[in-house]
**Q** 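One structure, as structure tokens, below. Some questions next.
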2 protein chains.
Amino acid sequence: MVTRPPVSRTLLATTGNNREHTRRHNLSAILRLLSQSGSMPRSALTQRTGLNRSTISDLVSELVGLGLVVEAESVATQGVGRPSLMVSPADDVVAFSVHPDIDAITVGVVTFSGKVIHKIRQVTQAQPAAPTAADVANDLITKLRAQLPAGTRIAGVGVAIPGQVRSADGVVRLAPHLNWVEVPFARMLNQLSGLPVFIDNDASLGSIAERDFGAGRGFKEIVYLFGGSGGIGGGVIHDGQPLRGAAGYAGELGHIRISDSPAEDFSGLSGTLESLVSRETLLAALKLNGVDDDELREALTKDPSPKVRKVAEAQIDSLAIAIGNFVNIFNPEIILLAGYLSVLYAFDTDRLLSRFRWSSLTASQDRLILRPAELGANLLMVGAAQMPFDRVVQEPATMTFILAKPTRK
Amino acid sequence: MVTRPPVSRTLLATTGNNREHTRRHNLSAILRLLSQSGSMPRSALTQRTGLNRSTISDLVSELVGLGLVVEAESVATQGVGRPSLMVSPADDVVAFSVHPDIDAITVGVVTFSGKVIHKIRQVTQAQPAAPTAADVANDLITKLRAQLPAGTRIAGVGVAIPGQVRSADGVVRLAPHLNWVEVPFARMLNQLSGLPVFIDNDASLGSIAERDFGAGRGFKEIVYLFGGSGGIGGGVIHDGQPLRGAAGYAGELGHIRISDSPAEDFSGLSGTLESLVSRETLLAALKLNGVDDDELREALTKDPSPKVRKVAEAQIDSLAIAIGNFVNIFNPEIILLAGYLSVLYAFDTDRLLSRFRWSSLTASQDRLILRPAELGANLLMVGAAQMPFDRVVQEPATMTFILAKPTRK
DNA sequence: TGATTATGTTGCCCTACCCAACAAATGCTG
DNA sequence: CAGCATTTGTTGGGTAGGGCAACATAATCA
């Protein structure tokens, strides 16, 4: 089964609700709260959902019956009154995350509560062909699957792609970094693994991970910008939900044109944010190679020759213009800069802030927060796993899992 | 009472649903269908909502009891079987629309079914101060109110502002065109009229009107661009809902920076879409003054001297870049060009299309529709009225109306 | 140790939707 | 034109699921 990322949670406003909708909605609400918070006492569920104590009791016991959550007595008591029962997501429900990059494929195992419990990174030849990548990914999944305890249930596989993904069928339309064009990667990996495969753009998944587990917690209007060696990607959260657009390509924030400059980006567009703010250019100015973002940050603060400083400042100025545009367009509560962009942010925060203030409307800057993203290496693992888990959350009663190991009779 | 535009219809996904939610949701679903389609047979309601015949019967009779809809026997029969009863929105529920412009204030009366039944345009001095504008608007409302038949119920007043409006309290943060800064217009007009007042940006309301009654019908991902004498405004519909952002300022699409050009727009930002695509500039090149868009379109096609053509083409090229950016950002199904921008579109559609294709990612262009908006003079009247009507739709059972004329005892 | 407080549990109620059977109103066909 | 098929409105009963109130339980506090 090849499955697309879950559609918008909001039922069409013109569709009717019935009792079953209500029940499913309430079960989902509880699971959503739990998967984001790790675990909560029942009393908190009562407060957050606004439902009656007895209703929560009923709903939770249904979820316990489904094996999706576990109840335990509270350890730490927090006040007078009978202590509330602690409800936690089941830790034997997991998803695999896959991230194909330019010269390596990473596969991880993520629990329903958002913890990465295993991770393997397998180096490949540069720009592996899609079938090769699918093979490698499947091998890694098989290997990790063998290590899981019997009884572990698998929700599915989530794949983060550095490129554009059509959400309807999981086809990678274009991933310039990987040199993939029109690759039905979800179907390929599904046929190999036999697991449901979900797939989406890496930056979109990053924004979701930051919303649920990182610097975006509690915000409903988020603009997320990620700079990597493959360019600049973006993810937008609006009203708490990812902005997908008609076919899933929304959020290509790196490809917006902000200048008349003829410099071109990976996709052949000129004057774009991605063409003006480039990790490679800065590395070249620094005469560095193969460093990670931490090393780059250090190199930059240690030895900012006038020439290097000029390059970095020009990039900061371009970034500021783009951020100004996004503020005018989205009026977000918070803007998160990840990867290479957080290096630029740290290098001269004041310059970035002041330049940005010149290029957006003042009203939209009210209470705007601009800060680096929080999640590091496991960002994409967590983000990609949210796709299969989202299906669990949305249809807890009818969801079927695949066992990590076949049951014996 | 001063009221903000309705918040997102999607209940927080972590809030519980109960019976009352379900009922309200279903009543809303029916009203929403009716207010968009004018009227529908009961059988269509059954199909569209997915609810049972008997449930629809029950819901409709509750709405009839509330005086929000009317049932009548179908006139035209459309096939075998017992003819279905026609359900229509009540025509004695109305809202006032107010549109303050640079030298005139327009007030209209709009029925729940979306028809503009009265409209007055009162010329004022240029850039009237806000209290003056509120006075004039209130006078016009009083005049129109006197003409309404007794028993007419008023849902409220919707105001369309050419500027940024804070949705939390209806304060106009900045309307450069009117020279208003930090004006609590909703409160002012509420105190004068005694009616609930809703207020929002004009282009956002335009996008909503086009979605419900114009070229955007049936689409869920819409980018709307409006060019007027006061610059360029934008409205974005995502997943069927307007993009508001943190405080309501989202969608300032005219102020995005796409060029290094030093030309400035009304808000003092340089190189923005609005600074490069300007009705005034083209009028100056044509040596025209005080013409409307139709006359401008005609003048342009009739006599395109090389000089004029060059100006228009430069503007088209800039517009194409901006559209490319919006396609990359939003991946919309449809882009609607309204006002002056539809003149540019008509002038050289091919140029606009081909230039635009160079400046966005190919995947995002799949099945993209670019076309002029449909609604003309009544656009803002209809759009603004949707704000008070939205409240009716959202809480049909508890909504209270104000009678056009006080009842005698 | 008893009072207070907060939470879990249980049985009952009520509402809103579904369903099935029937009635009504139309078109089609012989 | 009568009878049949088809679709829709109507009615009465069924049911699921959330609310409620009373009671039980387990903690803090005086």
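Reckoned from all heavy atoms, side chains included, excluding hydrogens, waters and symmetry mates. Every value quoted in this text rests on a predicted model; they were computed, and no experiment measured them. All chains are named by letter (A, B, ...) in the order of the sequence lines, taking the proteins before the strands, and each is independently numbered beginning at 1.
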**Q** Are any of A/R82's side-chain N or O atoms less than 4.0 Å away from OP1 or OP2 of C/dT5?
**A**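 No, A/R82 has no side-chain N/O under 4.0 Å of OP1/OP2 on C/dT5.
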
**Q** Contact class for B/T46 (heavy atom, under 4.0 Å): base, sugar-phosphate, or nothing?
**A**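 Counting heavy atoms under 4.0 Å across all strands, no contact is made by B/T46.
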
**Q** Mind calculating the distance between CG (B/D58) and C1' (D/dG13) to the nearest angstrom?
**A**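 Answer to the nearest Å: 15 Å.
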
**Q** Quick check: do A/P242 and A/R211 have side-chain heavy atoms less than 4.5 Å from each other?
**A**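 Yes - at least one pair of side-chain heavy atoms lies under 4.5 Å apart.
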
**Q** Check the phosphate of D/dG17 against A/T22, side-chain N and O only, distance under 4.0 Å to OP1 or OP2. Yes or no?
**A**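 Looking at the OP1 and OP2 atoms of D/dG17, neither is under 4.0 Å from any side-chain N or O of A/T22.
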
**Q** So, does A/N26 get its side chain near the phosphate of D/dG17, meaning an N or O under 4.0 Å from OP1 or OP2?
**A**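 So the side chain of A/N26 is outside the cut-off, no N or O lying under 4.0 Å from OP1 or OP2 of D/dG17.
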
**Q** Identify which nucleotide among D/dT10, D/dC29, D/dT6 has an atom closest to any side-chain atom of B/V80, counting heavy atoms from C-beta outward.
**A**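 Ranking D/dT10, D/dC29, D/dT6 by closest atom to the B/V80 side chain puts D/dT6 first.
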
**Q** Atom CD1 of A/I30 to atom C1' of D/dG18: distance rounded to whole Å?
**A**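 Going from A/I30 (CD1) to D/dG18 (C1'), I get 12 Å.
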
**Q** Taking C-beta and beyond as the side chain, do A/N26 and A/L51 meet within less than 4.5 Å on heavy atoms?
**A**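 A/N26 reaches A/L51 side chain to side chain.
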
**Q** Please report the distance, rounded to the nearest Å, between CG in A/L59 and P in D/dG17.
**A**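 Taking atom P of D/dG17 as the reference, CG of A/L59 is at 9 Å.
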
**Q** Within the structure, does a side-chain N or O atom of B/N17 lie under 4.0 Å from either OP1 or OP2 of D/dG18?
**A**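 Looking at the OP1 and OP2 atoms of D/dG18, neither is under 4.0 Å from any side-chain N or O of B/N17.
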
**Q** Checking B/R217 against B/D212 for the salt bridge (Lys or Arg N to Asp or Glu O under 4.0 Å) test, could you report, in this order, the C-alpha distance in whole Å, the side-chain angles of both residues, the deciding distance, and whether it holds?
**A** CA-CA 6 Å; B/R217 291 187 70 156; B/D212 291 342; over 6 Å; no

**Q** Less than 4.5 Å apart, any side-chain heavy atom of A/E221 and any of B/R244?
**A**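 Contact flag for A/E221/B/R244 side chains = no.
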
**Q** OP1, OP2 of C/dG8 versus side-chain N and O of A/R42: anything below 4.0 Å?
**A**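 Answer is yes, contact under 4.0 Å.
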
**Q** For DNA chain C, whose closest nucleotide is more 5', that of B/N52 or that of A/E71?
**A**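 Result of the comparison: A/E71.
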
**Q** If the cut-off is 4.0 Å, is A/S43 near the phosphate of C/dA6, judged by side-chain N/O to OP1 or OP2?
**A**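 No, no such contact exists.
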
**Q** Check the distance between C/dT15's P and B/L51's CG and give it to me in whole angstrom.
**A**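 To the nearest whole Å, that distance equals 20 Å.
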
**Q** Which residue, A/R53 or A/G50, contacts DNA chain D at a nucleotide closer to its 5' end, judged by nearest heavy atom?
**A**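 The answer here is A/G50.
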
**Q** With heavy atoms under 4.0 Å as the rule, sort A/R23 into base, sugar-phosphate or nothing.
**A**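 Sugar-phosphate: the residue A/R23, judged by heavy atoms under 4.0 Å, touches backbone atoms but no base.
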
**Q** Within less than 4.0 Å of OP1 or OP2 of D/dG9, is there a side-chain N or O belonging to B/S84?
**A**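 Checking B/S84 against D/dG9: at least one side-chain N or O falls below 4.0 Å of OP1 or OP2.
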
**Q** Would you please classify the geometry between the B/F112 ring and the B/F389 ring as parallel, tilted or perpendicular, with 30° and 60° separating the classes?
**A**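 Answer is tilted, since the angle falls between 30° and 60°.
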
**Q** More than 12 foreign heavy atoms under 6.0 Å from CD of B/E20: is that the case here?
**A**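 Open: at most 12 neighbouring heavy atoms sit under 6.0 Å from CD of B/E20.
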
**Q** Considering just the side-chain nitrogens and oxygens of B/S54, establish if one lies under 4.0 Å of OP1 or OP2 belonging to D/dT10.
**A**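 False: B/S54 side-chain N/O out of range (4.0 Å or more) of D/dT10 OP1/OP2.
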
**Q** In whole angstrom, what separates B/H25's NE2 from D/dG17's C1'?
**A**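 Those two atoms, NE2 and C1', are 17 Å apart.
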
**Q** Rounded to the Å, how far apart are A/Q47 CD and C/dG8 P?
**A**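 Taking CD of A/Q47 and P of C/dG8, I get 11 Å after rounding.
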
**Q** For B/R19 and C/dT15, give me the distance from atom CZ to atom P, rounded to whole Å.
**A**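 It works out to 7 Å between those atoms.
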
**Q** When the distance from CD1 of A/I56 to P of C/dT7 is rounded to whole Å, what number comes out?
**A**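 Between P of C/dT7 and CD1 of A/I56: 12 Å.
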
